[in-house]
Peer 1: 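The structure under discussion is supplied below as structure tokens; questions concerning it will follow.
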Amino acid sequence: MKTKESKQRHLDERYLRMAAIWAENSYCRRRRVGALIVKDKMIISDGYNGTPAGFDNVCENPEGTTYPYVLHAEANAITKVAKSHNSSEGATLYVTTSPCMECSKLIIQAGIRRVVYSELYRICDGLELLNRAGVETCHLPLEHDKKDETEILD
């Protein structure tokens, strides 16, 4: 019999894998990031890093530096839910890379209560802010399971 914690971990892993698949939509070359906002076991928003609507899907200049107007996956998911009839109050954000400071401010203001991420970004000030604000953070590295891959191919 599964415990409540093991069921939650299983769901967290699934939603993180889905966020990783969503990241594949990004046109950014340096880093592809995906995000899902989940409330009551329903995905209420999604996002990936990229340019604002109406811009060319080019995230980096010829030198490889990211343009300053590129939106992070979390920001895209939060603004998308803001335009909908849903509320992110009390929701969980699943994101492939830990949030930066700017996205953490948006997460707090959006009422998101929990953030689950798979990769730790080199700058951790966003996580520190989330913890200070009482937002639960969970680092859950995704491991590639060869057994699952074999089962799918058979």
Peer 1: In the hydrophobic clustering (ILVMFWY, side-chain contacts below 4.5 Å, transitive), which residues join W22, or is it alone?
Peer 2: Y48
Peer 1: Answer with yes or no whether the hydrophobic clustering places Y121 together with L140; edges join I, L, V, M, F, W, Y residues whose side-chain heavy atoms lie under 4.5 Å apart.
Peer 2: no
Peer 1: Is any side-chain N of the basic residue among E13 and R9 closer than 4.0 Å to the acidic one's carboxylate O?
Peer 2: yes
Peer 1: If every non-hydrogen atom of S26 is compared with every non-hydrogen atom of C28, which pair is closest and at what distance?
Peer 2: OG-N, 3.0 Å
Peer 1: Working to the nearest 0.5 Å, report the span between CD of E102 and CG of D125.
Peer 2: 9.0 Å
Peer 1: Establish whether M18 and V38 are linked, either directly or via other cluster members, by ILVMFWY side-chain heavy-atom contacts under 4.5 Å.
Peer 2: yes
Peer 1: Can you name the one residue among L71, V33, N25, T66 that meets side chain to side chain contact (heavy atoms under 4.5 Å, CB included) with N49?
Peer 2: V33
Peer 1: The test is side chain to side chain contact (heavy atoms under 4.5 Å, CB included); show your working for I107 and I78 and say whether it passes.
Peer 2: CA-CA 8 Å; I107 291 165; I78 290 168; 3.9 Å; yes
Peer 1: State, with a plain yes or no, whether a side-chain heavy atom of T51 is found less than 4.5 Å away from one of Y69.
Peer 2: yes
Peer 1: How about K39 and N86: do any of their side-chain heavy atoms sit closer than 4.5 Å?
Peer 2: no
Peer 1: Does this structure show an ion pair linking R31 with E119, if we count only N-O contacts that are shorter than 4.0 Å?
Peer 2: yes
Peer 1: At their closest point, which heavy atom of G34 faces which heavy atom of A23, and how far apart are they?
Peer 2: N-CB, 3.3 Å
Peer 1: Search all heavy atoms of I37 against all heavy atoms of I112 and return the closest pair with its distance.
Peer 2: CD1-CD1, 4.1 Å
Peer 1: A side-chain contact here means heavy atoms from C-beta on lying under 4.5 Å apart; do P141 and S118 qualify?
Peer 2: no
Peer 1: Mind checking whether V70 and F55 sit in one hydrophobic cluster, side chains of I, L, V, M, F, W, Y counted as touching below 4.5 Å?
Peer 2: yes
Peer 1: Which atom pair, heavy atoms only, marks the closest approach of G47 to A77?
Peer 2: N-CB, 3.9 Å
Peer 1: Decide yes or no for P99 and L127: does some side-chain heavy atom of the first lie under 4.5 Å from some side-chain heavy atom of the second?
Peer 2: yes
Peer 1: Would you say V115 and L129 are hydrophobically clustered, going by side-chain heavy atoms of ILVMFWY under 4.5 Å?
Peer 2: yes
Peer 1: Is there a donor in the side chain of R113 and an acceptor in the side chain of T92, or the other way round, less than 3.5 Å apart?
Peer 2: no
Peer 1: Is any side-chain heavy atom of C59 less than 4.5 Å from a side-chain heavy atom of R29?
Peer 2: no
Peer 1: So, taking the atom named CG in D12 and the one named OG in S6, what distance separates them when rounded to the nearest 0.5 Å?
Peer 2: 11.5 Å
Peer 1: For the residue pair Y15 and M42, what are the closest heavy atoms and their distance?
Peer 2: OH-N, 4.3 Å
Peer 1: When you compare the side chain of N61 with that of Y67, does any pair of heavy atoms fall below 4.5 Å?
Peer 2: yes
Peer 1: Output the distance between atom CG (L106) and atom CG (L93), rounded to the nearest 0.5 Å.
Peer 2: 10.5 Å
Peer 1: Mind checking whether Y27 and D56 have side chains closer than 4.5 Å, heavy atoms only?
Peer 2: no
Peer 1: Decide yes or no on side chain to side chain contact (heavy atoms under 4.5 Å, CB included) for L142 and R17, but give the supporting numbers first.
Peer 2: CA-CA 8 Å; L142 291 179; R17 286 194 308 266; 4.0 Å; yes
Peer 1: Please list all pairs meeting side-chain hydrogen bond (donor to acceptor under 3.5 Å, both in side chains) that have one or both residues in residues 127-140, counting only residues at least two apart or in different chains.
Peer 2: R114-E136, N131-T137
Peer 1: For A110 and S88, work out which heavy atoms get closest and say how close.
Peer 2: O-OG, 2.7 Å
Peer 1: Say whether V95 and I21 are linked into one hydrophobic cluster, either directly or through other cluster members, by side-chain heavy-atom distances under 4.5 angstrom.
Peer 2: no
Peer 1: My understanding is that only one of E74, K105, H72 makes a side chain to side chain contact (heavy atoms under 4.5 Å, CB included) with C100; could you say which?
Peer 2: H72
Peer 1: Just checking N57: does its CG atom have more than 12 heavy atoms from other residues, nucleotides or ligands closer to it than 6.0 angstrom?
Peer 2: yes
Peer 1: So, taking the atom named CD1 in I123 and the one named CG in L120, what distance separates them when rounded to the nearest 0.5 Å?
Peer 2: 11.0 Å
